[in-house]
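Following: one structure in structure tokens, then a few remarks.
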Amino acid sequence: MSDLRIIILGSAAGGGLPQWNCACVNCDKARRGEIPSRTQSSIALSADGQHWVIANASPDLREQLARTPALWPTELRKSPIKGVLVTNGDIDHIAGLLTLREKTPFDLYATAEIHGVLADNRIFDALDRSLVPRRTVALGAAFEILPGLMAELFAVPGKVPLYLESGEVDTALEGEQTVGVAFSAGASRALYIPGCAALTPALAERLEGAGTVLFDGTLWHDNEMIEAGLGTKTGRRMGHMPMSGEGGSLDAFAPLGIAQKVYVHMNNSNPVVDPSSAERQAVLTAGWTVAEDGMEIRA
Ligand code: MLT
Ligand code: MN
Ligand code: ZN
């Protein structure tokens, strides 16, 4: 039995599937129940099945918790959720913090920069600091996030959140605004990287030979949103490397020898969300799992 349990609470990128204002092929199919719907990006992790940490708090968190028995309250006002960690300041990763405002203690972990973004948005003061202490995490410093579960943050290429963009936007910032997390419990190890603009040599080195990697599956093709008439930006401009094509994750991961590769954070424009698509078949053939809401992964 492995030590590390990971529950996919939400497998979609910002907007979810279906997205409220979108009538693309995938959103229409999801509304009709022809393909599985997906809530926004979040996972839960535990080393003992008793204490849990949430990585990224999506706007759909309330619904995600309600349908996940492992995360139900254990006593009148007591939750198995002991911590929440956020990997960037994007709305799909922080808005769910507001769902957790009902005076139950947990630790809130982020880099100093992401804590700064939260502090600048006073609505998050709804999380009482005496009950929800802000724990600032330095890059590269492993810490015990739960009994028996270690976490270490590392920089991955990305950008500031969309709502903080101004002027020329650097989509390859490597610092505290977009991070991945290396979780480990006993011999189990899992890397969680829901947003990543490019696979740098340093990141490839970190991933080499990893047991389990949950990775940015936002787009199939860099231009898919433009080609489908859904937007004007490429995936890379949004801070996400695509799955396919030159520099895509399918090719980039092939030589890395990773035992379990899982795509998370799929955008509704991505054809892999349709189980009958050729693109889904292609990623399965390449040895990837496409996360679904509610799926449990053992690392
Ligand atoms: C992203 O991952 O690119 C963001 O979640 C976009 C958004 O804020 O909707
Ligand atoms: Mn996102
Ligand atoms: Zn759509």
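Numbering starts at 1 and runs along the sequence shown. Every number for a ligand or one of its atoms is a count from 1 in the order of the listing.
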Report task. Without swapping roles, check the side chain of T234 against the backbone of D222 for a donor-acceptor pair under 3.5 Å. Result -> no

Requested in this report: State plainly whether the residues R77 and E75 are in salt-bridge range, i.e. N to O under 4.0 Å.
Outcome: no

**Report entry** Protein contact for atom 1 (C) of ligand 1 (heavy atom, distance under 4.0 Å)
**Finding:** yes

Requested in this report: Answer yes or no for R189 and F183: cation-pi contact, defined as NZ/CZ to six-membered ring centre under 6.0 Å and angle to ring axis within 45°.
Outcome: no

Query - Among E165, E174, E168, salt bridge (charged side-chain N to carboxylate O under 4.0 Å, His left out) partner for K159 - result: E165

**Report entry** Per atom 5 (O) of ligand 1, closest listed option by heavy atom (T178, N267, D92)
**Finding:** D92

Query - Contacts of Y263 that satisfy ring pair (Phe, Tyr, Trp, His ring centres under 6.0 Å) - sequence neighbours left out - result: W288

Query raised in the report: Heavy atom of H265 under 4.0 Å from ligand 1?
Result: yes

Requested in this report: List the closest protein heavy-atom neighbour of atom 3 (O) of ligand 1: residue, atom name, distance to the nearest 0.1 Å.
Outcome: H240 NE2, 2.8 Å

Report task. Give the residue and atom name of whichever protein heavy atom lies nearest to atom 4 (C) of ligand 1, and the separation in Å to one decimal. Result -> D90 OD2, 3.3 Å

**Report entry** Distance from atom 9 (O) of ligand 1 to nearest protein heavy atom, with residue and atom
**Finding:** G14 CA, 4.1 Å

Query raised in the report: So what does the H265 NE2 - the Mn ion (ligand 2) - D92 OD2 angle come to, to 10°?
Result: 100°

Query raised in the report: Does atom CZ of R122 have more than 12 heavy-atom neighbours from other groups under 6.0 Å away?
Result: no

Query - atom 7 (C) of ligand 1 protein-contacted, heavy-atom criterion under 4.0 angstrom - result: no

Query raised in the report: Salt bridge or not for E246 and R236, using N-O below 4.0 Å?
Result: no

Query raised in the report: With the Zn ion (ligand 3) at the apex, how many degrees lie between SG of C24 and SG of C22, rounded to 10 degrees?
Result: 110°

